[in-house]
Chemist: 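Let me give you the structure first, and then I'll get to my questions.
Counting starts at 1 for both ligands and their atoms, in listed order. Since the model is a prediction, treat every value here as computed from it, not as a measurement.
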Amino acid sequence: MPLNHLIRDGDNPDITEERQKATFSTEELAIEIYGEPLAQRRREISAEVLKRPELLDDCPHVFLDRTTKVENSMKKTVAVMEKGSEICDFTSREELGHLVCEVFGDDGFPLSIHFVMFLPAIQGQADDEQAEQWIPRAMRLEFIGTYAQTELGHGTNLRALETTATYDKRTQEFILHTPTVSAYKWWPGNLGKTANYVIANAQLYIDGKSHGPHNFLVQIRDENTHQPMPGITVGDIGPKFGLNTNDNGFLRFDHVRIPRRNMLMRHSKVSADGVYSPPVHPKLSYGAMIFVRATMIRMLAHVVLKAATIAIRYSCVRRQGEIKTGNGEVKILEYQTQQHRLFTALARGFAYRLVGDEVKNLYEKIAEEVKHGNVEQLADLHALLSGMKSIVSYDSGKAIEQCRMACGGHGYSHASGIPEMYAVEIAGCTYEGENMVMLQQQARYLVKGIHRLAHGEELSTMLQYLANTSNNKFRIGESGVDLENALILALEYIARSTIERVTARLDSLQNKGLSAENAWNENAVELTRASRTHTRLWIARCFRDRVHRIENHAIRSALTDILELFLTYEVVDMSQYLYQGGYANSDQVAQVKDAMYKLLEKIRPNAVSYVDAYEVSDTELRSVLGRRDGNVYDNLLKWAKSNPLNRTEVLPAVEKHLMPMMLAAKSKL
Ligand SMILES: CCCCC/C=C\C/C=C\C/C=C\C/C=C\C/C=C\CCCCC(=O)SCCNC(=O)CCNC(=O)[C@H](O)C(C)(C)COP(=O)(O)OP(=O)(O)OC[C@H]1O[C@@H](n2cnc3c(N)ncnc32)[C@H](O)[C@@H]1OP(=O)(O)O
Ligand SMILES: Cc1cc2nc3c(=O)[nH]c(=O)nc-3n(C[C@H](O)[C@H](O)[C@H](O)COP(=O)(O)OP(=O)(O)OC[C@H]3O[C@@H](n4cnc5c(N)ncnc54)[C@H](O)[C@@H]3O)c2cc1C
């Protein structure tokens, strides 16, 4: 029997029974996911956090108003900064990231954009002298920064941003100005009440000539009093769908002067006498966005795996209905519909998490090259990340919502933890580039790929499958072709045929005289579909390669089941494309579905162990339904009783309003 280190006394017997059925060691799978030292360090950090009340919530934060949420997160930030280095290695992003998740959960915290965008923007875009001046102070948290790019009137179309930075040669300063209401900066995280510095994206003007958007470091609040600096208007934009612990803000500059050296000058430069030197690539000032797009894949996958943890554990302690009359109520996870909802969410979560590691590594490699002036792979990276952020944010959102619904009524309660997870995760469809826009960024690259192929030019590795025209018939069930290969080839066909079809349509419309822009807009929906199919293929191949590299036999076998479920689900989801061009027939698609249903059965005994192995502590999960011990009902009752509305038997508002009304109604009798 494999070691399952999560079996403990006092747990709900229904969940203990699940853990006893595991065919692999959860500890070994955790090591495969996180790596040997980190898996252990995560557990140690979680245990340390539990010992320190100053890092824990006094009550579920969903019971609190926004002001209290923000205050609590600020208080805990100070505790983390004071004592955090005793708990984790502050130089390790992974350890620090885990500590942040434990202490703050998903809903935001005062330093999120400081660490996720402000610092990376300086690291990537400041020249060496500027980096030396700003990074150590920012790391010591002498000040808190954010990234102020989006405006009230424009978020997507960066070329239309209205904030100006006009160079004044006489004083060697830039003058930051917000010329209209629509030019107010709007949305930057932690801008509302926390940050005292921003990286502001503004149109650079020298001698009346515009040079496009550039990044400038601007102090917006006094370092001692925290009062807005002269010429600055700043505040919080108000409650949102989620992320309400984060003070997203607005900002206006009224002719604010900053020194020339506050423009980030690694790539573009302005000399003292006002001579502009352009960057080696026009989009290098977008570097912080590229960083977040690369990083957010794992963040989003993490949320899916948390939601799957909750819903799968709960589905093993919730009994409702009978499959065979008279045999007693079953765990709801026995229903095939439940397995289909939850195991496919689990498979997407694992796929995105492991592929997210690969994306991060690729990003780091290319970012290093870019830092040294080599921008050869930037277009490939931009296209890949544009597709990845879109597919992963959207499909993760769907998976999380399925997890929530799979918990029935209790999934709708904040006690499940899933509504907040959904609200936070789904923001990823919007931030860092609205999905429809980003899918079209990638589509440009795909269309170019087809044109290059037609001209006999070389294709990047990512696009080489476009040349494989001999892959024109579904080979599922053929001897010598295993399921995985047949499915990957099917995904290649889906992507290739979709991209070819939309490119042919674009070309034909243009040949008939339509402008390139109008032809594009007439095909925009199909272009986003092409982009989707290409990205899903890329994820599938990357996930397959990752699983094939696993050396531990039991773990490779466990993740192969997840991989195959992922592949069958993706193919079934896009099966309509297989019929186009006669690649597959309905019997073959039925074979894929059968394989998928068999995989659900195969995965069922290990379901709890897969999510246990992902090792999210109860502190981080913040979910009554997803508790590791499975003791849900008693704790749901406790949770409801602790709700502030229950502090008094008779609510003062009832006394004040409803009672007089009812008494008056009675007195009229
Ligand atoms: C206590 C201790 C703490 C420790 C902390 C440690 C860890 C932290 C852990 C956890 C964090 C916890 C919580 C955080 C939680 C949630 C929040 C997280 C993050 C939220 C941040 C959100 C921030 C933002 O949203 S910032 C704003 C983002 N804005 C956008 O993305 C705008 C989108 N628009 C664009 O990108 C562009 O305008 C565009 C749509 C791409 C068009 O650009 P344009 O200039 O018009 O270019 P055009 O279309 O003409 O294309 C020309 C050409 O350029 C190519 N191109 C475009 N962009 C790029 C690029 N970036 N790189 C390279 N090339 C690019 C394009 O493809 C074209 O090429 P070609 O001509 O076709 O060849
Ligand atoms: C939670 C959250 C945190 C954020 N944090 C920050 C931050 O820290 N700093 C910051 O600067 N910004 C931040 N933002 C702003 C965010 O980056 C923008 O909201 C995002 O880039 C989308 O831009 P938009 O709001 O202008 O949407 P719009 O562009 O107005 O989109 C509205 C609709 O128009 C469509 N559309 C727009 N242009 C096109 C096009 N060319 N082709 C086809 N369709 C199009 C979109 O697809 C969408 O359906 C944040 C936003 C959120 C929600």
Chemist: At less than 4.0 angstrom from any non-hydrogen atom of T430, what atoms of ligand 2 do you find?
Modeler: 19 (O), 20 (C), 21 (O), 22 (C)

Chemist: Please say whether more than 12 non-hydrogen atoms of neighbouring residues, nucleotides or ligands are located less than 6.0 Å from OH in Y276.
Modeler: yes

Chemist: My understanding is that we take every heavy atom of each candidate and find the minimum distance to atom 35 (C) of ligand 1. Doing that for L158, L385, N190, V292, which one comes out nearest?
Modeler: L158

Chemist: Measure from NZ or CZ of R42 to the centre of the six-membered ring of Y34, then state whether that distance is under 6.0 Å and the direction lies within 45° of the axis.
Modeler: yes

Chemist: So, does F109 sit close enough to ligand 1 that a heavy atom of it is under 4.0 Å from the ligand?
Modeler: yes

Chemist: Flag yes if more than 12 heavy atoms outside N157 fall under 6.0 Å of its CG atom; otherwise flag no.
Modeler: yes

Chemist: Crowded around E223 CD? As in, over 12 foreign heavy atoms under 6.0 Å?
Modeler: yes

Chemist: So do L158 and M289 actually touch side chain to side chain, heavy atoms under 4.5 Å?
Modeler: yes

Chemist: At less than 4.0 angstrom from any non-hydrogen atom of V437, what atoms of ligand 1 do you find?
Modeler: 40 (C)

Chemist: Would you please determine whether H281 falls within less than 4.0 Å of ligand 1 on a heavy-atom basis?
Modeler: yes

Chemist: Of all the heavy atoms in K240, does at least one lie under 4.0 Å from an atom in ligand 2?
Modeler: no

Chemist: Show which atoms of ligand 1 fall inside a sub-4.0 Å distance from at least one heavy-atom site of F115.
Modeler: 2 (C), 3 (C), 4 (C), 5 (C)

Chemist: For E434, is the nearest heavy atom under 4.0 Å from an atom of ligand 1?
Modeler: no

Chemist: Heavy-atom contacts with Q440 under 4.0 Å: which atoms of ligand 2 show up? List them by number with element.
Modeler: 42 (N), 43 (C)

Chemist: Establish, for the pair K76 and F104, whether the NZ or CZ atom is under 6.0 angstrom from the six-membered ring centre and no further than 45 degrees off its axis.
Modeler: yes

Chemist: Please work out whether any backbone atom (N, CA, C, O) or any side-chain heavy atom from C-beta onward of L191 is under 4.0 Å from ligand 2, and answer side chain, backbone, both or neither.
Modeler: neither

Chemist: Does atom CD of E86 have more than 12 heavy-atom neighbours from other groups under 6.0 Å away?
Modeler: yes

Chemist: Find all atoms of ligand 2 within a distance of less than 4.0 Å from any non-hydrogen atom belonging to E432, and give their numbers and elements.
Modeler: 17 (O)

Chemist: If the cut-off is 4.0 Å to any non-hydrogen atom of T156, which atoms of ligand 1 fall inside it?
Modeler: 33 (C), 34 (N), 35 (C), 37 (C), 38 (O), 40 (C)

Chemist: Verify the contact flag for atom 38 (N) of ligand 2, where contact means a protein heavy atom under 4.0 Å away.
Modeler: yes

Chemist: Would you please determine whether A379 falls within less than 4.0 Å of ligand 1 on a heavy-atom basis?
Modeler: no

Chemist: Taking 4.0 angstrom as the limit and counting only heavy atoms of G155, give me the atoms of ligand 1 inside it, by number and element.
Modeler: 32 (C)

Chemist: Using distance alone, decide if ligand 2 has a nitrogen or oxygen within less than 3.5 Å of any nitrogen or oxygen in G189.
Modeler: yes

Chemist: Among the heavy atoms of M296, does any lie under 4.0 Å from an atom of ligand 1?
Modeler: no

Chemist: Should you measure from each heavy atom of L111, which atoms of ligand 1 turn up under 4.0 Å away?
Modeler: 1 (C)

